[in-house]
Protein chains: 2
Amino acid sequence: MRIGQLAEATGTTTKTLRFYEESGLLPPAERLASGYRDYTEDAVGRIGFIHRGQAAGLTLAQIRQILEIREHGQTPCSHVQGLLGQRLGELDAQISELLALRETISQLHEKASKPEPDSCSADQVCRYI
Amino acid sequence: MRIGQLAEATGTTTKTLRFYEESGLLPPAERLASGYRDYTEDAVGRIGFIHRGQAAGLTLAQIRQILEIREHGQTPCSHVQGLLGQRLGELDAQISELLALRETISQLHEKASKPEPDSCSADQVCRYI
DNA sequence: CTTGACCTTCCACTGTACTGGAAGGTCCAT
DNA sequence: ATGGACCTTCCAGTACAGTGGAAGGTCAAG
């Protein structure tokens with residue numbers, strides 16, 4: 001399977017696949033006599049794993065860690081559990097930050113909806129912010 | 001007021017202030033005979049505005065837009081209202097994405113908390129992802 | 001008169017996940 | 001033999017908001 005076919009099969013681009021290889025997320029592919037990369041079916045699963053990891057909010061660096069543990073013959077279960085727990089904590093923090101920000105902006109937005117341009121004094125940039 | 005004092009007064013760094021000037025967020029400061037930047041009190045307010053804008057989730061580019069409108073002698077009220085409304089929409093989208101992601105990860109995390117390593121087959125990277 | 005804190009400019013780099021484009025090689029059909 | 005689709009490498013750039021460091025100038029205190 002050539003790189004273009006793999007890209008199509010996995011819904012990505014050849015650029016991205018080469019980037020993944022260079023980043024250590026995909027093992028270097030076998031080469032045909034022409035120099036073209038020649039992928040096996042495994043690659044499809046591997047890229048699926050990368051995509052699922054991304055959908056779970058893991059960074060490529062974290063996904064690479066899991067892959068490396070697996071390559072060293074270990075089962076990365078507890079590591080994955082740790083990563084997911086960590087991610088959960090980050091998400092909770094991020095969500096409450098965004099909710100607070102939403103509250104702030106919502107108030108600013110409401111204030112700005114009843115404009116009183118007269119009260120825009122020259123010494124401030126904007127009455128609302 | 002020299003740049004270091006302004007940095008301290010506004011809780012930022014000299015690097016950042018020079019970066020703001022270069023980015024058009026701060027008007028080029030007057031210079032002393034020595035070549036040192038010499039700031040007036042205005043600068044403190046201006047940087048406060050930048051910080052409040054950032055706290056409201058605006059990008060430096062958006063803050064610069066507001067500043068430019070103000071510099072052209074117009075009151076940026078309606079523009080600011082637009083920006084805030086837009087930001088509100090983005091925030092809502094971002095929050096619901098994160099909530100969905102949180103749900104996904106939470107389920108994965110729970111699955112991973114009852115490990116059954118026997119079922120980790122060799123042909124997949126990780127049973128949980 | 002020297003030390004140290006502070007200032008100047010300029011260039012390059014950080015992290016994240018790609019993306020764009022140039023120059024050239026390969027393969028298959030017409 | 002030629003056109004087009006596909007592949008190769010390498011270099012550089014995107015957005016964002018700064019950060020790091022080198023080489024050198026300025027100023028007040030001791």
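Residue numbers start from 1 in every chain, and the chains themselves are labelled A, B, ... in the order their sequence lines are given, proteins ahead of strands. Below, all heavy atoms of this structure are taken into account, side chains as well, without hydrogens, waters or symmetry copies.
One atom, CZ of Arg18(B), and another, P of dT19(D), lie 12 Å apart when rounded to the nearest Å. Taking atom CE of Met1(A) as the reference point, atom P of dC7(D) lies 12 Å away to the nearest angstrom. The distance from atom CD of Glu8(A) to atom P of dC6(D) is 9 Å, rounded to the nearest whole Å. A straight line from CG of Leu32(B) to P of dT8(C) spans 9 Å, rounded to a whole angstrom. Between the C1' atom of dT8(C) and the OH atom of Tyr39(B) lies a distance of 12 Å, rounded to the nearest Å. Computed from coordinates, the Phe19(B) CZ to dA15(D) P distance equals 13 Å when rounded to whole Å. Going from atom CD1 of Ile47(B) over to atom P of dA17(D) covers 16 Å, rounded to whole Å. Here dA17(C) presents its P atom at 12 Å from NE2 of His51(A), a figure rounded to the nearest Å.
Between the axis at the start and the axis at the end of the helix from dC1(C)-dG30(D) to dT30(C)-dA1(D) there is an angle of 30°, using five pairs per end and rounding to 10 degrees.
Side-chain N or O atoms of Gln107(A) include none that pairs as donor or acceptor with a backbone N or O of Thr104(A) at under 3.5 Å. Distance alone, capped at 3.5 Å, places no donor-acceptor pair between the Glu8(B) side chain and the Gln5(B) backbone. Arg2(A) places no side-chain N or O within 3.5 Å of a backbone atom of Tyr36(A) that could act as its donor or acceptor partner. Side-chain atoms of Arg52(A) come within 3.5 Å of backbone atoms of Gly48(A) as a donor-acceptor pair (strictly under, hydrogens ignored). No donor-acceptor pair under 3.5 Å is formed between the side chain of Asp38(B) and the backbone N or O of Arg31(B). Of the possible donor and acceptor atoms, none in the side chain of Arg102(B) sits under 3.5 Å from a partner among the backbone N and O of Leu91(A).
At a threshold of 4.0 angstrom between heavy atoms, the contacts of Ile3(B) are confined to the sugar-phosphate backbone, with no base atom among them.
Comment: Arg87(A) engages Glu90(A) in a salt bridge, judged by a side-chain N to carboxylate O separation of less than 4.0 angstrom.
For Arg37(B), taking side-chain heavy atoms from C-beta onward, the closest of the listed nucleotides dT19(C), dA17(D), dT8(C) is dT8(C). If you check dC6(D), dG21(C), dC6(C) against the side chain of Arg2(B), the one that comes closest is dC6(C). Of all nucleotides listed (dA17(C), dT8(C), dT9(D)), dA17(C) comes nearest to the side chain of Thr59(A). Taking only side-chain atoms of Lys15(A), from C-beta outward, the nucleotide of dC10(D), dC7(C), dA17(C) with the closest atom is dC10(D). Side-chain atoms of Thr13(A) lie closest to dT19(C) of the nucleotides dT8(C), dT19(C), dC7(D). Side-chain atoms of Gln54(A) lie closest to dA17(C) of the nucleotides dG18(D), dT8(C), dA17(C). With dG25(C), dG18(D), dG25(D) as the candidates, the nucleotide lying closest to the side chain of Tyr20(B) is dG18(D). In the set dG21(D), dA17(C), dT8(C), the nucleotide with an atom closest to the side chain of Arg31(B) is dT8(C). Closest to the side chain of Ser34(A), out of dC27(C), dG20(C), dC7(C), is dC27(C).
For Ala61(B) and Gly35(B), each mapped to the nucleotide of DNA chain D holding its nearest heavy atom, the one lying further toward the 5' end belongs to Ala61(B).
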Please step through side chain to side chain contact (heavy atoms under 4.5 Å, CB included) for the pair Arg37(A) and Leu6(A), ending with a clear verdict. CA-CA 10 Å; Arg37(A) 286 174 179 80; Leu6(A) 179 60; over 6 Å; no
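Remark: Ser23(A) is not in phosphate contact with dA17(C), judged by side-chain N or O atoms under 4.0 Å from OP1 or OP2. Contact between the side-chain N/O atoms of Thr14(B) and the OP1/OP2 oxygens of dC7(C) is not found at any separation under 4.0 Å.
If you check distances only, the side chain of Tyr36(B) never reaches the base of dT8(C) with a donor-acceptor pair under 3.5 Å.
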